[in-house]
Structures are given as C-alpha cells and as structure tokens.
Amino acid sequence: MEAITKRSKIKDLLTTEKVGTRVNIKGWVRTFRSNRFIALNDGSCLQNMQAVVDFEKMEEALLKRITTGACLSVTGMLTKSMGKGQDVEIMVESIHIYGNSDPEKYPLQPKKHSLEFLREIAHLRPRTNTFGAVLRIRHAVSYGIHKFFNDKGFYYLHTPIITGSDAEGAGEMFRVTMLDPVHPPVDEKGHADFSKDFFGKETNLTVSGQLEAELAALALSDVYTFGPTFRAENSNTARHLAEFWMIEPEMAFYDLNDNMDLAEEFVKYIISYTIENCREDLEYLTKRAEDEDKSKPQHQRSEMNLIDRLGFITANPFERLTYTAAIDILKNSKPNKKGKFQFPVNEWGMDLQSEHERFLVEKHFKKPVILYNYPISIKAFYMRLNDDDKTVAAMDVLFPGIGEIIGGSQREERYDVLKMRIRELGIDEKDLWWYLDTRRFGTAPHSGFGLGFERMVQFITGMGNIRDVIPFPRTPGNAAF
RNA sequence: UCCUCAGUAGCUCAGUUGGUUAGAGCACCUGACUGUUAAUCAGGGGGUCGUAGGUUCAAGUCCUACCUGGGGAGCCA
C-alpha cells in the first residue's frame, strides 16, 4: 500500500513540474468521455485536469457513478498527455467518489447554457467556466483594492451596516425592525412606535458609509470603506442591485483635483492588477464575449475585445471636463441638433441623462470621462460649494457600457456653508449633529468618492448584467438562495 | 415604476392565414465503438404549449388580466 498522497490543486499541478510523480486531486466532474476520460475541475483555475481510467480494470459499478457533477478524489501518476488539448493528465490508479450526481436530474450539461437559466440555478452556477472565472476575478479585484489602499497608507474602516440616520439622501432604505409585524406597539397617532423597537429608534440598512468615513478621515487622514450597501429602489436594470458592495475612500487635505487623480490611479491600478493576475480567466471571458458578438448585428459589436479594452483604459489618460463644457459639447453635437436625443440638451443646469453620458464616453471622447463642477441644484448637500456659488466640487467617472462607476466630491468643510445647505434641502440638522461637529472642531478640507464594486467587476469581466457578477443577486422580487 | 419583446421537452429553439396524433438539436436511458476534447453511430423514453379567464365548430396560434424573464428608460453605484 502506497503512502497516502497529499491532495494537490489542479492549478499547482499545471504550473509546477510534477510529471512522473503520484498525485491526488479532488474535484467535480465536468464530462466523462468515452468511458475513459474524466474532465475534473476543482475551481483552483479555469482548466480541467484530465484523468484517464483503464475501464477494463475498473469496476463497472464505479464507472457508472462517474457522471457530470459528481465529486471525486482521483489518485494516479501525472504523465505527459498522449492526446491533444492538454499537456498533462493523470493515469488513474484509484478513484473515490465523495458524492454522486444523478445525471437525470443534474441541471448543468457540458454545453453552453444561457445566463438567464444559470441565474435560476445560482447555487450551481459557480461550477461553470464562466462563473468560475467571474468569481476568481471578483476575488482578485477585491484583493487588489485592499492592496492598493494598504500600499498607499490608507486604513480600512468598518462603517455600520445598521444605521440610525436617514440623512444620507442616497435613496430608499430597507427598514430594520424587531417590532411585531401584525400588532406593533403604536403611538398616540396610531403609527408604529419605534421608540419601543430594538434600538429605541427607527433604523435602516446603510446606503453609504461616507458620512462615517469622513469622521474617520478627520482623524486618520486617509481611510476607505469596503462593505455591503443596500438600496430599496425599485430598479430593474442590468446595472442595479438592492444589495451591492461599495468602496468609499475619504481623504483629509485632498481637493477635487487630488480626488480625481486618486480615482483615476485607483481604477487603472485595479484593472492592471487583474490583467496581471487573472490572465487565463480574462482570456476565456474575452473569447466568450467575441463568440457572443458574432451573433449580433455589425453595428452592435464592440470595436475592441475585452482584454484590449482593459489595456486601453490603463494606457490612456481619462478625459476631464467640467459640466459646463460638457453641456456645450452636447448642445452642439450632431444627435442634439438632429433631435436624436430623447432629452434635448438646451439649458445649463439640467441633469445629464444616460444617453448624454453615453454620447460623451462612447462617441465623442471614446474613453473614460470625468465630469466635474456640477450645478448645485442636482447634487447632494455635503458637496463643497464653489466660488461661483452656482456649482459644487463634485465629480463623476463615466465608463463605456456601464455609465457612472464613481461618484465623488470635495466635501463642504465650512460649518456655516454646510449648515445653510442642510437647511436649504430641508434636512433635519438634529440628525446630523455628529457630522456637523467635525466642522466645529478642527475642520479640514477633504474629499472622497464611492466606487460601485459590482460595476467595476462588470466592466473588467465584460458581463452585460450586474446579476452575473455577484454570487447571489438581490433585486426587486428576488432574494433566492 | 414606465415602455417594449418573449414564455412550447431537462437545456436551446422551430411550429405557416386558427385546422389531423406538437417537432429538431443537445442532455438522459439501452446497445455498439474506444486516446476522447461539446466524442461518434443505432435505438428509446420524455410535453397540462407560463397561469387564469374569454372568442370560436376548432386555440401553441386570436383577445383580456396576472406571473416570470430579456432589452430600453427613470432612480443611482
């Protein structure tokens, strides 16, 4: 009897010289061809390991149980492959089956499935090439983000997920309550009495960690958050989730320009990091997207493939222009003059529609665009008022295909101006006393932005729907798994 | 939430102006073959045509409502 062979990951067997040694791998069967060739995948990388069985020497009952989806432990000699399509393979000496998989009922077949179908079996879709690649990239992007900030001396700040403040103004919130849903305690007006609730007040899930991040930035200088975020908007699009992850750096002593510099450097770093560390998965997704493109009409196809597109982003400076300059370009643009825009651009102060942003990014500049200095009327209370009294020091980074990937601003650090803005927008300043306190005690110029994590992963993987870059998407009417 | 398109076998889809017993490929099962790469060849099983109403001699096909999904829009990250 041989000594027990330690399990290897398939990725390690492919990258280290182990030919001629006895190895053990464990994983899930992708296909079993010719009663002889098992394609086994353990998720460590895109590639399968081919395990070759001598079916004349194997028990037939065991062979019958090697079906798509079954989980196996395979031991044998790692050898140069005799066939084409793989460099090495395992000549099987023994097989242990951890888990059967009834081929009649297992929904994944060794063929292409639609993303819509896979979404319905989100518990099994990580076993596909596409989702394996997306999830590995999602990890790398996540790790790259922490590395970027850590290397720059930023501190990772954990902001609360349950929040008692509803002043963020970033949209509808999910209520968190322990009150009896049928017969809650009521106040004299007959409304639910949240003073009797778990926290003694009405609480919600966070829509942003920004305000808390600002508190920490005015002590630690440079911080960032990276956590779940919840929006109860009834948004049904390919780029919205009810639960998503957001990164929010906040920096003391950064003005708007420093903020834009950081945002651009950050995004480019993340993309470069992924290109360097996820080559194989990116190549797979690139090929996948190219195949998909072939079935589309010419004018809908992308000009550049996925990997080239990513490389292009890292190699070229983003276009920076003010809101005012953007309005000028849009006003004089062909689609505007020909009345092709659903929302014509005619006056300064209007909010830009996604068709306008898409025109600037995809047609006019053909690269990422940073718009800044927006009219005060269309932006949030905490953004710093510019000297013209008409605009605020806000900035949005717009990406091809997905639109706004980053939104940020220099924050209003002047106590009186901030208080005035809070009043103007009808927010109860009592809810924000702690926020205003930072402006009373040692205030400082500071800036920050928010990056939608899934939108970043969407751009890097080229996936068209945001529901396919998060393991278990939450959207209106869907909280399965 | 609004506009729009779609829902037929486990999956991907075809199904004529409403007209006999609703089809194909893949998957699955049986057999053959065995260095395969979405293996191949022969045979077989598999359907309340999204749900509920309605029109009609007759509905997968037409009408209404609802459900689910796609694309677009709004809100945003």
Engineer: For RNA chain B, which residues in residues 349-356 of chain A have a heavy atom at a distance below 4.0 Å?
Structural biologist: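 Heavy-atom contacts with RNA chain B come from A:Gln353, A:Ser354.
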Engineer: Pick the C1' atom in B:C76 and in B:A38, then give their distance to the nearest Å.
Structural biologist: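 To the nearest whole Å, 41 Å.
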Engineer: Mind jotting down which residue pairs meet the salt bridge (Lys or Arg N to Asp or Glu O under 4.0 Å) criterion with at least one end in residues 342-358 of chain A? Sequence neighbours excluded, please.
Structural biologist: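 Counting only pairs at least two positions apart or across chains, no salt bridge (Lys or Arg N to Asp or Glu O under 4.0 Å) contact touches residues 342-358 of chain A.
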Engineer: How long is the line joining NZ of A:Lys105 and P of B:G46, in whole Å?
Structural biologist: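 Taking NZ of A:Lys105 and P of B:G46, I get 17 Å after rounding.
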Engineer: Mind calculating the distance between CD (A:Gln210) and C1' (B:C76) to the nearest angstrom?
Structural biologist: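 Spelled out: CD on A:Gln210 to C1' on B:C76 is 14 Å.
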Engineer: Produce a footprint string for nucleotides 25-34 of chain B: one letter per nucleotide, 5' end first; B if the base is under 4.0 Å from any protein heavy atom, S if only the sugar-phosphate is, - if neither.
Structural biologist: BBSSSS---B
Engineer: In this structure, how many angstroms lie between the P atom of B:A77 and the CE atom of A:Met395, rounded?
Structural biologist: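 Going from CE in A:Met395 over to P in B:A77 covers 12 Å.
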Engineer: For A:Ile405 and A:Thr237, find the nucleotide of RNA chain B closest to each by heavy atoms; which residue's nucleotide sits nearer the 5' end?
Structural biologist: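 Of the two residues, A:Thr237 wins.
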Engineer: What's the NZ-C1' distance between A:Lys112 and B:C11, to the nearest Å?
Structural biologist: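 These atoms are roughly 14 Å apart.
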Engineer: Provide the closest heavy-atom pair for A:Asn373 versus A:Ala393 in the form atom of the first, atom of the second, distance.
Structural biologist: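 Taking A:Asn373 first and A:Ala393 second, the nearest heavy atoms are OD1-CA, 3.8 Å.
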Engineer: Taking only the C1' atom of each, what is the distance from B:U64 to B:G19 in whole angstrom?
Structural biologist: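 To the nearest whole Å, 24 Å.
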Engineer: Would you say A:Val29 and A:Leu40 make side-chain contact, with heavy atoms under 4.5 Å?
Structural biologist: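 SC-SC contact between A:Val29 and A:Leu40 confirmed.
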Engineer: Check whether any side-chain heavy atom of A:Pro160 lies under 4.5 Å from a side-chain heavy atom of A:Glu212, and answer yes or no.
Structural biologist: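 In short, these two side chains touch, coming nearer than 4.5 Å.
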Engineer: Could you tell me how far apart A:Asp468 (CG) and B:G70 (P) are, to the nearest whole angstrom?
Structural biologist: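 Atom-to-atom, A:Asp468 to B:G70, this comes out as 9 Å.
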Engineer: By nearest heavy atom, map A:Asn234 and A:Ile406 onto RNA chain B; which one lands nearer the 5' end?
Structural biologist: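 Result of the comparison: A:Asn234.
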Engineer: Let me know the distance between CZ of A:Phe117 and P of B:C13, rounded to the nearest Å.
Structural biologist: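 For the pair A:Phe117 CZ and B:C13 P, the rounded distance is 12 Å.
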Engineer: Atom CG of A:Leu215 and atom OH of A:Tyr435: how far apart are they, to the nearest 0.5 Å?
Structural biologist: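 The distance works out to 8.5 Å.
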Engineer: State, with a plain yes or no, whether a side-chain heavy atom of A:Trp245 is found less than 4.5 Å away from one of A:Phe226.
Structural biologist: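 Contact flag for A:Trp245/A:Phe226 side chains = yes.
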Engineer: Rounded to whole Å, please give me the gap between CG in A:Asp396 and P in B:A77.
Structural biologist: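 The answer, rounded to whole Å, is 8 Å.
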Engineer: Sticking with atom P, work out how far B:A65 lies from B:G72, rounded to a whole angstrom.
Structural biologist: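 It comes out at 25 Å once rounded to the nearest Å.
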Engineer: Should the side chain of A:Arg455 and the base of B:C76 be counted as holding a donor-acceptor pair, with the cut-off at 3.5 Å?
Structural biologist: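 Present.
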Engineer: Using atom C1' of each nucleotide, how far apart are B:U21 and B:U37 to the nearest Å?
Structural biologist: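 The same atom, C1', in both gives a distance of 41 Å.
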Engineer: What distance, rounded to whole Å, do you find between the two C1' atoms, one in B:A9 and one in B:A24?
Structural biologist: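 About 11 Å, rounded to a whole number of Å.
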Engineer: How far, in whole Å, is B:G44 from B:U48 if one measures between their C1' atoms?
Structural biologist: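 24 Å, rounded to whole Å.
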Engineer: Would you say A:Ile247 and A:Phe266 make side-chain contact, with heavy atoms under 4.5 Å?
Structural biologist: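 Yes, their side chains come closer than 4.5 Å.
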Engineer: With a 4.0 Å cut-off on heavy atoms, is A:Arg467 in touch with a base, just the backbone sugar-phosphate, or nothing at all?
Structural biologist: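 A:Arg467: backbone/sugar contact only, no base atoms under 4.0 Å.
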Engineer: Side chains of A:Asp102 and A:Thr67: does their closest heavy-atom pair fall under 4.5 Å?
Structural biologist: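 The answer is no; the side chains never approach within 4.5 Å.
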Engineer: Among B:U1, B:G74, B:G69, which nucleotide sits nearest the side chain of A:Asn236?
Structural biologist: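 Side chain of A:Asn236 sits closest to B:U1.
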Engineer: Is a side-chain donor or acceptor of A:Asp258 paired with a backbone partner of A:Asp255 at a separation under 3.5 angstrom?
Structural biologist: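 It does hold such a pair.
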Engineer: For nucleotides B:G7 and B:U16, find the distance between their P atoms and express it as a whole number of Å.
Structural biologist: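 That atom pair is separated by 12 Å.
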Engineer: Between B:U36 and A:Gln50, counting only base atoms on the nucleotide and side-chain atoms on the residue, is there a donor-acceptor pair under 3.5 Å?
Structural biologist: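 Result: at least one qualifying N/O pair found.
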Engineer: For RNA chain B, what is the dot-bracket line, given that a base pair needs Watson-Crick (N1 to N3, plus N6-O4 or O6-N4) or G-U wobble (N1-O2 and O6-N3) geometry with both distances under 3.5 Å, and | means paired with another strand?
Structural biologist: (((((((..((((.....[...)))).(((((.......))))).....(((((..]....))))))))))))....
Engineer: Between the base of B:C75 and the side chain of A:Ser235, is one N or O donor paired with an acceptor at under 3.5 angstrom?
Structural biologist: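 Indeed there is one.
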Engineer: I need the CZ-P distance between A:Phe343 and B:A73, as an integer number of Å.
Structural biologist: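 So the two atoms are 10 Å apart, to the nearest Å.
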Engineer: Base, sugar-phosphate or nothing for A:Met82? Non-hydrogen atoms, less than 4.0 Å.
Structural biologist: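 Touches a base.
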Engineer: In whole Å, measure the gap between the C1' atoms of B:C11 and B:A52 for me.
Structural biologist: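 Those two atoms are separated by 27 Å.
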Engineer: In Å and rounded to the nearest 0.5 Å, what is the CZ to CZ distance from A:Arg239 to A:Arg467?
Structural biologist: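 The CZ atom of A:Arg467 is 11.5 Å from CZ of A:Arg239, to the nearest 0.5 Å.
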Engineer: With the threshold set at 4.0 Å, does a side-chain nitrogen-carboxylate oxygen contact exist between A:Lys379 and A:Asp396?
Structural biologist: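 So A:Lys379 pairs with A:Asp396 through a salt bridge.
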Engineer: Do A:Glu89 and B:G35 have a side chain to base donor-acceptor pair shorter than 3.5 Å?
Structural biologist: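 For A:Glu89, whose side chain was compared with the base of B:G35, there is a donor-acceptor pair (under 3.5 Å).
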Engineer: Would the base of B:C76 count as contacting A:His240 through its side chain, where contact means a donor and an acceptor less than 3.5 Å apart?
Structural biologist: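 Indeed there is one.
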Engineer: Once you round to the nearest 0.5 Å, how far does CZ of A:Arg30 lie from CG of A:Asn129?
Structural biologist: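 The CZ atom of A:Arg30 sits 4.5 Å away from the CG atom of A:Asn129.
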Engineer: Using a 5.5 Å cut-off between ring centres and planes within 30 degrees, is A:Phe244 stacked on the base of B:A77?
Structural biologist: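 It does: the two rings, one from A:Phe244 and one from B:A77, meet the stacking criterion.
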Engineer: Nearest to the side chain of A:Arg119, which nucleotide is it out of B:G70, B:A77, B:U12?
Structural biologist: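 The answer is B:G70, which lies nearest to the side chain.
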Engineer: Do any pairs count as a salt bridge (Lys or Arg N to Asp or Glu O under 4.0 Å) and have a residue in residues 37-52 of chain A, sequence neighbours left out, and if so which ones?
Structural biologist: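 Non-adjacent pairs meeting salt bridge (Lys or Arg N to Asp or Glu O under 4.0 Å): A:Arg7-A:Asp42.
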Engineer: For residues 57-67 of chain A, which residue pairs pass the salt bridge (Lys or Arg N to Asp or Glu O under 4.0 Å) check, not counting sequence neighbours?
Structural biologist: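 Applying salt bridge (Lys or Arg N to Asp or Glu O under 4.0 Å) to every pair that reaches into residues 57-67 of chain A, excluding sequence neighbours, yields A:Asp54-A:Lys57.
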